Protein chains: 2
Amino acid sequence: MVMNMRLSDLITERILELLDESEESTAEIQRNEFANGIGCAPSQINYVLSSRFTPEHGFIIESRRGGGGYIKIKRVVLDGSSAIMHIINSIGEEIDAMSARILIENCYQSGLIDKTSARLMDSAISKNVMHSLPPQIRNSVRATILKEMLLIQL
Amino acid sequence: MVMNMRLSDLITERILELLDESEESTAEIQRNEFANGIGCAPSQINYVLSSRFTPEHGFIIESRRGGGGYIKIKRVVLDGSSAIMHIINSIGEEIDAMSARILIENCYQSGLIDKTSARLMDSAISKNVMHSLPPQIRNSVRATILKEMLLIQL
DNA sequence: ACCATTTTGACCTTTCCTGACCTTTATTAT
DNA sequence: ATAATAAAGGTCAGGAAAGGTCAAAATGGT
């Protein structure tokens with residue numbers, strides 16, 4: 001238990017503690033100081049954040065460089081059974097143009113997203129945009145864009 | 001309250017206060033006096049102005065040297081379609097990540113787009129998406145996506 | 001032994017802040 | 001009027017203080 005506690009686990013634990021203590025479910029840290037308190041390389045913090053505090057895991061990261069910089073970790077309440085989450089999961093690694101259009105339309109019709117959002121999604125994956133990409137990666141880029149855009153609707 | 005308040009933040013705050021107090025959305029300061037009141041080097045004021053009160057951020061600066069000199073900061077309120085058209089034109093064929101972020105933020109701050117739209121735009125050109133593209137075409141794809149998304153807000 | 005995860009370190013980019021020096025404008029002395 | 005001086009604001013280079021990235025080495029599980 002304590003024996004195979006990796007650094008990553010410790011870091012994760014500390015961050016979760018901070019989040020639990022916080023009224024607003026927000027932890028703000030200074031990377032170097034935090035890493036120092038734990039005794040690890042600063043970049044290790046980035047590793048943990050990018051592997052365990054992703055939007056898919058229900059967190060939003062915001063940071064700033066330079067003097068007085070910081071890293072903010074926000075926990076967003078996400079309902080694992082929410083419709084949007086299901087849809088995101090159903091997209092997978094690739095999606096073709098037609099399926100995407102239908103998916104967006106369905107989201108709109110079922111009231112999951114409003115009209116403006118639907119139109120924005122359409123334009124983000126419009127022909128104009130896709131045309132500027134190598135054909136081989138279109139389906140995967142479309143999937144990535146769509147998933148990113150759906151994520152914030154949670 | 002706020003733990004690590006940078007000088008830049010303090011200066012920004014003071015200027016915004018002045019702008020809010022003003023009927024004309026115009027703040028007029030004297031650089032040395034203002035810097036003195038805050039306790040920083042006078043040139044720090046220029047730094048803040050040129051990094052946070054640019055036209056891209058929605059402000060216009062006007063100043064005069066010599067005896068009785070001053071610096072005037074005006075907040076410009078963009079209006080409607082023509083503003084968006086202007087912004088679209090200003091994007092051109094390519095745009096880097098930071099300029100894009102600032103542009104979106106400015107559109108939101110000036111009321112041209114709502115918060116959800118701003119967040120959707122951010123996610124459509126997020127790191128996750130850009131990372132799935134060949135580096136050489138990122139700036140142009142970002143420009144295309146952004147312009148497409150802005151177009152529908154007309 | 002192999003594969004995925006973890007961990008580190010070297011190097012990069014962004015942001016902040018100051019101080020020395022420069023330019024412009026107004027005022028004052030001759 | 002003109003020249004000198006004072007009173008602003010402007011610029012720029014440099015250093016310091018953050019956080020970001022990436023690839024290679026270490027580790028751990030099966």
Side-chain angles (χ1 to χ4, degrees), chain A residues 1-15 27-54 56-57 59-74, chain B residues 2-15 27-54 56-57 59-74 96-102 105 126-128 130-135 138-139:
Chain A
M1 255 234 242
V2 175
M3 292 199 38
N4 21 340
M5 181 73 122
R6 297 177 197 70
L7 275 179
S8 295
D9 295 332
L10 182 54
I11 293 168
T12 301
E13 205 174 69
R14 293 267 180 99
I15 293 176
E28 183 170 330
I29 63 172
Q30 306 233 235
R31 194 181 70 151
N32 287 353
E33 184 192 3
F34 191 72
N36 213 302
I38 281 175
C40 68
S43 57
Q44 181 67 9
I45 309 299
N46 297 82
Y47 169 68
V48 173
L49 290 178
S50 64
S51 63
R52 304 184 182 180
F53 289 85
T54 66
E56 285 80 0
H57 286 120
F59 299 92
I60 292 177
I61 306 297
E62 180 200 321
S63 72
R64 197 142 176 219
R65 303 188 188 186
Y70 58 80
I71 301 179
K72 252 189 224 166
I73 302 106
K74 253 179 270 194
Chain B
V2 182
M3 292 199 6
N4 42 3
M5 185 69 134
R6 306 170 196 69
L7 275 180
S8 296
D9 292 335
L10 184 54
I11 293 167
T12 301
E13 204 174 70
R14 294 267 180 100
I15 292 175
E28 183 170 329
I29 62 172
Q30 306 233 240
R31 193 181 72 152
N32 288 352
E33 182 193 4
F34 191 71
N36 215 302
I38 281 174
C40 68
S43 58
Q44 180 67 10
I45 308 299
N46 297 84
Y47 168 68
V48 172
L49 290 178
S50 64
S51 63
R52 302 183 182 182
F53 289 86
T54 67
E56 281 74 27
H57 284 100
F59 298 92
I60 291 178
I61 306 297
E62 181 199 320
S63 70
R64 196 142 184 219
R65 304 186 187 188
Y70 59 83
I71 301 179
K72 252 189 223 166
I73 302 105
K74 253 180 265 193
D96 63 81
M98 201 170 11
S99 304
R101 246 186 21 219
I102 291 175
E105 172 68 13
S126 67
K127 243 182 256 174
N128 252 339
M130 289 300 134
H131 261 244
S132 70
L133 307 175
R138 284 179 191 160
N139 285 355

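Small disclaimer: the values here were computed from a predicted structure and weren't measured. Per chain, numbering begins at 1; letters A, B, ... match sequence-line order.
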Rounded to whole Å, CG of Asn36(B) lies from C1' of dT18(C) at a distance of 15 Å

If you define the side chain from C-beta out and look only at heavy atoms, does anything of Ile15(B) sit under 4.5 Å from Phe34(B)?
yes

Reckon Asn46(B) touches a base, only the sugar-phosphate, or nothing at all at heavy-atom distances under 4.0 Å?
base

Calculate the interatomic distance between Leu49(A) atom CG and dC22(D) atom C1'; express it in whole Å.
17 Å

Please tabulate the protein-to-nucleotide N/O contacts below 3.5 Å involving nucleotides 5-8 of chain C, giving atom names and distances.
residue	atom	partner	partner atom	Å
dT6(C)	OP1	Arg52(A)	NH2	2.5
dT6(C)	OP2	Tyr47(A)	OH	2.2
dT6(C)	O5'	Tyr47(A)	OH	3.2
dT7(C)	OP1	Leu7(A)	N	3.0
dT7(C)	OP2	Leu7(A)	N	3.4
dT7(C)	OP2	Ser8(A)	N	2.7
dT7(C)	OP2	Ser8(A)	OG	2.6
dT7(C)	OP2	Gln44(A)	NE2	3.0
dT8(C)	OP2	Ala41(A)	N	3.3

note: Phe34(B), atom CZ; dC17(C), atom P; distance rounded to Å ~ 14 Å

Residue pair Phe53(A) / Ile61(A), side-chain heavy-atom distance below 4.5 Å
yes

Taking the side chain as everything from C-beta on, heavy atoms only, tell me whether Arg65(B) gets closer than 4.5 Å to Arg31(B).
no

Are any of Lys127(B)'s side-chain N or O atoms less than 4.0 Å away from OP1 or OP2 of dT21(D)?
yes

What is the separation between atom CG on Asn32(B) and atom P on dT23(C), rounded to the nearest whole Å?
18 Å

Do Gln44(A) and Ser8(A) come close enough that some side-chain heavy atom pair is under 4.5 Å?
yes

Leu7(B) versus Val48(B): any side-chain heavy-atom pair under 4.5 Å?
no

Rounding to a whole Å, what distance do you find between Arg31(B):CZ and dC22(C):C1'?
11 Å

Evaluate the side-chain proximity of Arg14(B) to Ile38(B): yes if any heavy-atom separation is below 4.5 Å, no if none is.
yes

Backbone of Tyr47(B) reached by a side-chain donor or acceptor of Ser51(B) within 3.5 Å
yes

Return yes if some donor-acceptor pair links the side-chain N/O of Arg52(A) with the main-chain N/O of Thr12(A) below 3.5 Å, else return no.
no

pair Cys40(B)-Ile45(B): side-chain heavy atoms closer than 4.5 Å:
yes

Could you state the CG-P distance from Asn128(B) to dT21(D), rounded to the nearest angstrom?
11 Å

Return the 5'-most residue of the pair Gln30(A), His131(B) with respect to DNA chain D, ranking by each residue's nearest nucleotide.
Gln30(A)

Glu33(A) CD to dA18(D) P: how many Å, rounded?
9 Å

Near DNA chain C, counting only heavy atoms under 4.0 Å, which residues of residues 63-72 of chain B show up?
Arg64(B), Arg65(B), Gly66(B), Gly67(B)

